[in-house]
Colleague: 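There's a structure below that I have some questions on.
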Amino acid sequence: MNKFPNKIFDIVQEDLMAVEKELYSIIQSPVNLVNDISVHLVQAGGKRLRPALYLLCARGGNPDPSSELLPMAVAIELIHMATLVHDDVIDNADTRRGRPTANARWGNHSSVLTGDYLWAKAFSAIATGAKQNMLKILTDVISNMCEGEIIQLQEAFNAEQDEADYRLRVAQKTADFIAASCELGALTGGMDNRDVMQVREYGYAIGMAFQITDDILDITASAEQLGKPVGNDLRQGIVTLPAIYALKTSTHREELRRIIVNQNMSNDDVRRGLEILYETDAVEYSYTQVSKYLQHARNSLPITLNGPVREALLSIADFVGLRKY
C-alpha cells in the first residue's frame with residue numbers, strides 16, 4: 001500500500017486498511033472500462049500520505065474521535081488519485097510508480113473522464129456527513145491545484161522564473177492539499193482554532209518539503225527508484241528549484257537557458273542540462289530548503305497533541321527529509 005515505514009502509521013494502520021478496502025468498494029462501476037481504470041489506479045498504490053495525515057491529525061485532537069473518519073479519508077485519497085490521472089494526461093506520461101499510466105493503457109479521453117468520475121465519487125463519499133466549512137476547504141484546494149497546473153503549463157520552457165514563482169506553484173499544486181488534509185483532520189478531532197491553524201502550517205511545510213524533494217529526485221534518482229524517466233521535468237520544460245538555482249549560479253547558465261527553452265530537446269540536450277545542474281551545488285541548496293521547511297513543520301506542531309501522534313508526525317518529517325523515492 002504505502003511506501004512509508006509501517007511504524008510511522010501504526011496508530012492509524014487499521015484505519016488505513018479500512019480506507020484501502022473502501023477505495024475498492026466505492027470505485028466499482030457497472031461500466032467495465034471505468035471499473036478497470038479505477039482498479040488500476042488503486043492498485044498502483046502510493047504513499048497514502050494525505051489520508052494518513054488526516055487520520056493522524058484527527059487522532060491528535062481526540063484519541064478516539066466519535067465522528068466517522070473513513071469517508072473523508074477516502075475522499076481525500078480519491079481526489080489525489082484524480083489529480084494524478086489528469087497530471088499524467090497533461091504530461092503525456094507513460095509510467096508512474098513503475099507501472100503504465102492509465103492514459104498509456106486506455107488513452108487520454110477515458111483517463112480524463114475516469115479522473116472526473118473519481119472526483120465525483122470523492123464528494124459522494126462525504127455528501128451526507130461533511131460540514132460546510134470542510135467542503136469549502138476541499139473545493140478551495142481543488143481550485144488551487146487546477147490553477148497551479150495551469151500556471152505550470154503557461155510557464156513551461158520559460159527560463160525566466162524565480163524562486164517566488166516556483167514556491168507559489170508548489171504551494172498550489174502540492175502543499176495546500178497536504179495542509180488541508182491536516183486541517184480537516186484537526187477539525188474532525190475537535191482541536192481549537194489555534195491548534196487547527198498550527199497543524200495546517202505543519203502540513204503546508206511538509207508539502208513544500210515533499211515536492212522540493214520530488215524535484216531533487218527527478219534529477220538524482222534512478223529511473224527504477226522513481227518509476228519514471230530521470231530528468232522528466234527538464235524534458236517537459238518544468239523549471240524546478242535546482243534549475244532555477246543553476247540558472248543563477250552556473251558558468252554555463254546561458255547554455256542551460258537555451259536547453260530549457262527548447263521545446264524539442266533531444267536526449268543529449270537533457271543529459272547536458274543535467275550535467276550543468278550537477279556541476280553546481282543546486283542539489284545541496286535545494287536540500288537546504290527542504291531542511292528549513294521540515295524544521296518549520298516540526299516547530300509548528302501544537303503542544304496539545306497527544307504523544308504518539310506527535311511522534312508519528314515528527315517521524316513523517318524525518319522520513320520526508322531522507323526519502324529516496
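We number each residue from 1, following the sequence as shown.
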Colleague: If hydrophobic clusters are built by linking Ile, Leu, Val, Met, Phe, Trp and Tyr wherever their side-chain heavy atoms come under 4.5 Å apart, do Val283 and Val230 end up in the same one?
Modeller: yes
Colleague: Indicate, with yes or no, if Tyr293 and Leu168 share a hydrophobic cluster defined by side-chain heavy-atom contacts under 4.5 Å among Ile, Leu, Val, Met, Phe, Trp and Tyr.
Modeller: no
Colleague: Should Glu20 and Arg48 count as an ion pair when the cut-off is N to O under 4.0 Å?
Modeller: yes
Colleague: Taking 4.0 angstrom as the limit, do Arg258 and Glu255 come out as a salt bridge?
Modeller: no
Colleague: Please determine whether a side-chain nitrogen of the Lys or Arg among Arg105 and Asp36 lies less than 4.0 Å from a carboxylate oxygen of the Asp or Glu.
Modeller: no
Colleague: Of all residues at least two apart in sequence or in a different chain, which pass the side-chain hydrogen bond (donor to acceptor under 3.5 Å, both in side chains) check with Glu284?
Modeller: none
Colleague: Less than 3.5 Å apart, which donor and acceptor atoms pair up between the side chains of residues 138-147 and the rest of the protein, not counting sequence neighbours?
Modeller:
from: Thr139; atom 1: OG1; to: Leu135; atom 2: O; distance (Å): 3.1
from: Thr139; atom 1: OG1; to: Lys136; atom 2: O; distance (Å): 3.1
from: Asp140; atom 1: OD2; to: Lys136; atom 2: NZ; distance (Å): 2.8
from: Ser143; atom 1: OG; to: Thr139; atom 2: O; distance (Å): 3.1
from: Asn144; atom 1: ND2; to: Asp176; atom 2: OD2; distance (Å): 3.3
from: Glu147; atom 1: OE1; to: Gln172; atom 2: NE2; distance (Å): 3.3

Colleague: Using the ring-ring contact (aromatic ring centres under 6.0 Å, His included) rule, collect all pairs that involve residues 241-273, keeping only residues at least two apart or in two chains.
Modeller: Tyr245-Tyr285
Colleague: Going through the checks in order, is the side chain to side chain contact (heavy atoms under 4.5 Å, CB included) test met by Leu69 and Tyr54?
Modeller: CA-CA 9 Å; Leu69 298 179; Tyr54 164 79; 4.0 Å; yes
Colleague: Any donor-acceptor pair under 3.5 Å linking the side chain of Gln236 with the backbone of Ile238?
Modeller: no
Colleague: Closer than 4.0 angstrom, basic N to acidic O: yes or no for Asp162 and Lys248?
Modeller: no
Colleague: Are Arg169 and Glu163 within salt-bridge range, i.e. N to O under 4.0 Å?
Modeller: no
